[in-house]
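Since the structure comes first, as structure tokens, the remarks are kept for the end.
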2 protein chains.
Amino acid sequence: MPAPKSPRASTPSAPATASPARATIADVAREAGVSKATVSRFLNHRDTLLTPDIAARVERAVSALGYSPSPMAQALKRGRSRLIGLVVADVTNPYSVAVLRGAEQVCQEAGYLVMLFNLGNDSGREREAMAALASYQVEGFILNTLGRDPEAAAEATRQGRPVVLVDRRHSGMQADFVSLDNAQAVQMALTHLQAQGWRELLYVTEPVRGVSSRTEREAAFRAGCHPSQQGEGRAALSGQTFESQEARPEAPDAPVLALMAALQALRERAAGRPAAVLSSNSVVTLRLSAAMARLGWQWGRELGLVGFDDTDWAPHVGPGISTIAQPTHDLGRLAANCLLERLRGLSLAPRQILLPGTLVARGSSRAPANPEALRQEPTPP
Amino acid sequence: MPAPKSPRASTPSAPATASPARATIADVAREAGVSKATVSRFLNHRDTLLTPDIAARVERAVSALGYSPSPMAQALKRGRSRLIGLVVADVTNPYSVAVLRGAEQVCQEAGYLVMLFNLGNDSGREREAMAALASYQVEGFILNTLGRDPEAAAEATRQGRPVVLVDRRHSGMQADFVSLDNAQAVQMALTHLQAQGWRELLYVTEPVRGVSSRTEREAAFRAGCHPSQQGEGRAALSGQTFESQEARPEAPDAPVLALMAALQALRERAAGRPAAVLSSNSVVTLRLSAAMARLGWQWGRELGLVGFDDTDWAPHVGPGISTIAQPTHDLGRLAANCLLERLRGLSLAPRQILLPGTLVARGSSRAPANPEALRQEPTPP
DNA sequence: TTGTACGCGTTATCAG
DNA sequence: CTGATAACGCGTACAA
């Protein structure tokens with residue numbers, strides 16, 4: 001048996017002590033005394049029977065050299081890269097992180113790796129992100145972006161790679177969609193607030209700007225609140241919507257000031273009836289809390305509160321913040337699974353997967369001290 | 001001028017309406033009527049002068065076809081993949097996310113993409129993570145892991161790829177290290193607590209288990225607190241350390257119960273002198289807050305608190321939680337920059353970059369009601 | 001059943 | 001200055 005030639009002998013200038021660079025399929029073939037094709041078959045088409053003798057030799061060589069095929073070369077050859085592109089509007093958002101976690105887990109289990117692209121809230125770069133990811137031959141996309149870049153939709157379909165949308169729909173895009181059931185969630189929150197005796201409501205959201213989840217939540221709120229019917233005898237909720245501005249560098253607390261004004265207006269409108277706020281996500285909830293602190297008010301006393309997103313700090317702010325918990329981890333897992341199914345060839349019309357939220361009741365929405373509203377009939381006549 | 005041949009004409013079975021798949025360098029060459037080599041040179045070696053005529057033709061062809069080279073093929077050819085591997089112990093940790101953000105930003109600006117691998121707190125998979133990333137030819141690693149997998153260090157040096165460690169050192173690993181200056185940060189917190197009049201201290205940390213940042217912080221705490229010198233006339237701080245257990249599924253609130261006991265012991269030990277807690281990170285801070293709530297105690301009243309990590313919710317818990325803010329974003333940016341410098345060929349001994357923390361004083365550490373301790377001399381004789 | 005030869009998209013080398 | 005050619009590591013028709 002001939003002594004195996006030293007690997008990488010082709011470059012004479014390389015020092016003999018060079019790191020034992022990755023073994024290639026050729027190395028394995030040489031070591032096992034077979035052809036590259038045989039090694040390749042052994043790895044990819046185990047069903048095609050090989051002579052037990054040969055198979056054993058290859059197997060031994062593979063483990064001896066610690067060989068594993070180069071995904072790069074594989075991708076080049078067969079187009080499949082075992083890579084998933086994940087584009088996120090803002091990694092700072094705990095929601096996005098949870099999705100990332102779920103998706104990454106599923107992908108890893110399936111032998112895929114996730115390439116992350118963070119937009120850093122610069123939604124204009126969505127197309128750029130997809131192009132960058134695509135250049136690495138990612139096999140599909142999971143998009144948790146604002147969905148406001150029309151070019152992104154075009155880019156996706158043009159590339160012909162499957163796409164799964166998480167939380168935000170993209171107008172012109174044919175794709176699976178995974179999200180919280182926003183209508184159900186809002187309705188659940190409203191029912192809870194009403195049952196607790198809160199009557200006058202304010203929905204606080206970031207600027208809607210066509211972002212689907214924001215639109216849906218606001219619409220559900222409007223539908224659930226009979227606006228300004230406070231004259232009637234029914235125990236109906238009345239409510240309004242307020243768009244909290246983004247924080248701008250020049251006037252960092254302008255949004256808080258605006259929020260304070262809105263909260264004061266809310267209580268005036270309520271005219272003694274218990275008033276509460278529904279917050280569209282955890283960022284808004286924090287901003288609201290800042291406004292409350294500046295006003296010297298406390299959740300559950302001057303105002304009630306239910307907020308989207310059950311963060312880990314929610315129990316510890318004020319009397320505990322009541323939240324709508326999203327099954328974020330499952331959303332991420334489902335998104336990844338959808339994508340993997342498509343990659344396995346599943347060809348269905350775009351699916352919609354809507355998961356219900358859960359209400360976590362805490363102090364911020366407990367029955368208000370003023371029992372006035374409770375004298376009303378809870379059920380319509 | 002001949003009509004350009006339809007791309008991908010080689011496969012007759014492909015439908016004519018197939019998506020216009022990425023243009024290759026061959027397409028450009030054909031379009032421009034030059035050789036592939038010329039196109040390649042035009043792109044990579046602009047310094048090598050080309051005939052203006054030819055250069056113009058190539059340029060036109062490139063933009064006409066919207067050509068951009070395939071990083072995959074480039075990686076295959078030259079080993080460099082323009083990929084950075086980022087391994088994170090736990091994406092759920094806001095600290096890790098901040099690092100991720102900073103690093104990703106710098107990498108993107110430099111034309112690199114980040115491949116993320118989340119360990120999900122399973123530190124045993126560190127080696128696996130690095131191997132997976134390495135198979136995609138990542139050019140270097142940023143590691144924010146526990147640093148307890150000795151094989152990981154071996155793997156890294158064996159691969160000969162540059163590594164930057166963030167926040168946690170790895171014992172046997174030759175690598176740049178970027179982190180908060182833990183000694184400075186702890187000392188700063190202790191000085192603040194002492195100045196505010198807190199005398200008996202407890203340091204609460206997750207189990208140290210050889211994790212470098214935990215070790216360093218605990219050591220700094222011990223050094224800054226003269227343990228149990230309460231008999232002396234000096235206004236020295238005395239303190240102890242407590243390791244908060246991990247939450248286990250069977251007994252989810254066992255850690256909180258243990259914490260409650262520890263806090264009660266602390267106050268007994270203090271015997272009337274103001275007692276405060278230093279928390280090793282935001283997760284521990286939250287657990288501490290849970291214990292406080294169960295005890296019916298409030299930060300800044302029954303106990304003082306300073307906690308590592310200035311999260312966005314810190315101002316809104318209780319009277320506001322005093323924190324040690326880490327320059328997380330800069331840490332991420334610096335880590336990435338270190339790596340990029342190494343990739344550009346910088347060959348220096350491993351560097352250590354320690355950034356100072358900032359104290360954000362809030363209600364939880366304001367001077368305690370009991371002014372007893374304030375009568376002591378603030379400066380030693 | 002196994003080996004040979006080619007091509008995936010690039011880049012580097014060597015002629016011309 | 002430019003073009004042909006080989007090679008990177010791998011998978012797969014095709015031939016043996």
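Chain A is the first sequence line, chain B the second, and so forth, proteins listed ahead of strands; every chain is numbered from 1.
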Next item on the list: Please give the angle, rounded to 10 degrees, between the axes at the start and the end of the helix from dT1(C)-dA16(D) to dG16(C)-dC1(D), where five pairs define each axis.
Entry: 50°
Margin query: In whole Å, I'd like the distance from the NZ atom of K36(A) to the P atom of dC8(C).
Written below: 15 Å
What pairs of donor and acceptor atoms, side-chain ones from residues 60-69 of chain A against any protein atom, are under 3.5 angstrom apart with sequence neighbours left out?
from	atom 1	to	atom 2	distance (Å)
S63(A)	OG	E59(A)	O	3.4
S63(A)	OG	R60(A)	O	3.2
S68(A)	OG	R22(A)	NH2	3.2

Checklist line | Any donor-acceptor pair under 3.5 Å from R46(A) side chain to R41(A) backbone | finding: no
Margin query: Does S40(A) reach a base, just sugar-phosphate, or nothing at all? Heavy atoms under 4.0 Å.
Written below: base
Notebook entry, point to check: With distance as the sole criterion, do the side chain of R41(A) and the base of dG3(C) form a donor-acceptor contact below 3.5 Å?
Noted result: yes
Margin query: Quick one, R127(A) with D149(A), criterion salt bridge (Lys or Arg N to Asp or Glu O under 4.0 Å). Give me CA distance, side-chain angles, the key distance, then yes/no.
Written below: CA-CA 7 Å; R127(A) 207 189 104 91; D149(A) 186 345; over 6 Å; no
Notebook entry, point to check: Does E139(B) have any side-chain contact (heavy atoms from CB on, under 4.5 Å) partners at least two apart in sequence or in another chain, and if so, which?
Noted result: R80(B), S81(B), R82(B), Y112(B), L343(B)
Next item on the list: Using only side-chain N and O atoms of Y136(A), determine if any of them is under 4.0 Å from OP1 or OP2 of dG9(C).
Entry: no
Note to self: For E109(B), is the CD atom crowded, meaning more than 12 foreign heavy atoms sit under 6.0 Å from it?
What the structure shows: yes
Checklist line | N44(A) CG - dG11(D) P separation (whole Å) | finding: 4 Å
Check: Base, sugar-phosphate alone, or nothing: which one does L76(B) contact when heavy atoms must sit under 4.0 Å apart?
Finding: base
Notebook entry, point to check: Under 4.0 angstrom, heavy atoms only, what part of the nucleic acid is F42(A) near: base, sugar-phosphate, or nothing?
Noted result: nothing
Note to self: What is the separation between atom CZ on R80(A) and atom P on dG9(D), rounded to the nearest whole Å?
What the structure shows: 21 Å
Notebook entry, point to check: Any sub-3.5 Å donor-acceptor pair from R101(A)'s side-chain atoms to V91(B)'s backbone N or O?
Noted result: no
Notebook entry, point to check: Can you check the L50(A) CG to dG3(C) P distance for me, whole Å?
Noted result: 10 Å
Notebook entry, point to check: Y67(B) OH to dT11(C) C1': how many Å, rounded?
Noted result: 10 Å
Item checked: Candidates N337(A), L339(A), I84(A) - the one meeting side chain to side chain contact (heavy atoms under 4.5 Å, CB included) with V164(A) -> L339(A)
Margin query: On the nucleotide dG3(C), are OP1 or OP2 found under 4.0 Å from the side-chain N or O atoms that S35(A) carries?
Written below: yes
Notebook entry, point to check: Taking OP1 and OP2 of dT11(C), is either one under 4.0 Å from a side-chain nitrogen or oxygen of H45(B)?
Noted result: no
Next item on the list: Name the residue closer to the 5' end of DNA chain C, choosing between V34(A) and K77(B) according to the nucleotide with the nearest heavy atom.
Entry: V34(A)
Check: Looking only at side-chain N and O atoms, does T51(A) come under 4.0 Å of OP1 or OP2 in dT2(C)?
Finding: yes
Check: Within less than 4.0 Å of OP1 or OP2 of dG9(C), is there a side-chain N or O belonging to Q74(B)?
Finding: no
Item checked: Side chain of A73(B) (C-beta onward), nearest among dG3(C), dT2(D), dG9(C) -> dG9(C)
Notebook entry, point to check: Going through the checks in order, is the side-chain contact (heavy atoms from CB on, under 4.5 Å) test met by V178(A) and C338(A)?
Noted result: CA-CA 9 Å; V178(A) 176; C338(A) 275; 4.3 Å; yes
Next item on the list: Please report, rounded to the nearest Å, how far the C1' atom of dC8(D) is from the CD atom of Q137(B).
Entry: 10 Å
Item checked: I25(A) CD1 to dT12(D) P, straight-line distance once rounded to whole Å -> 11 Å
Notebook entry, point to check: Taking atom P of dG11(D) as reference, at what distance in whole Å does atom CE of M72(A) sit?
Noted result: 15 Å
Next item on the list: Considering just the side-chain nitrogens and oxygens of T38(A), establish if one lies under 4.0 Å of OP1 or OP2 belonging to dG3(C).
Entry: yes
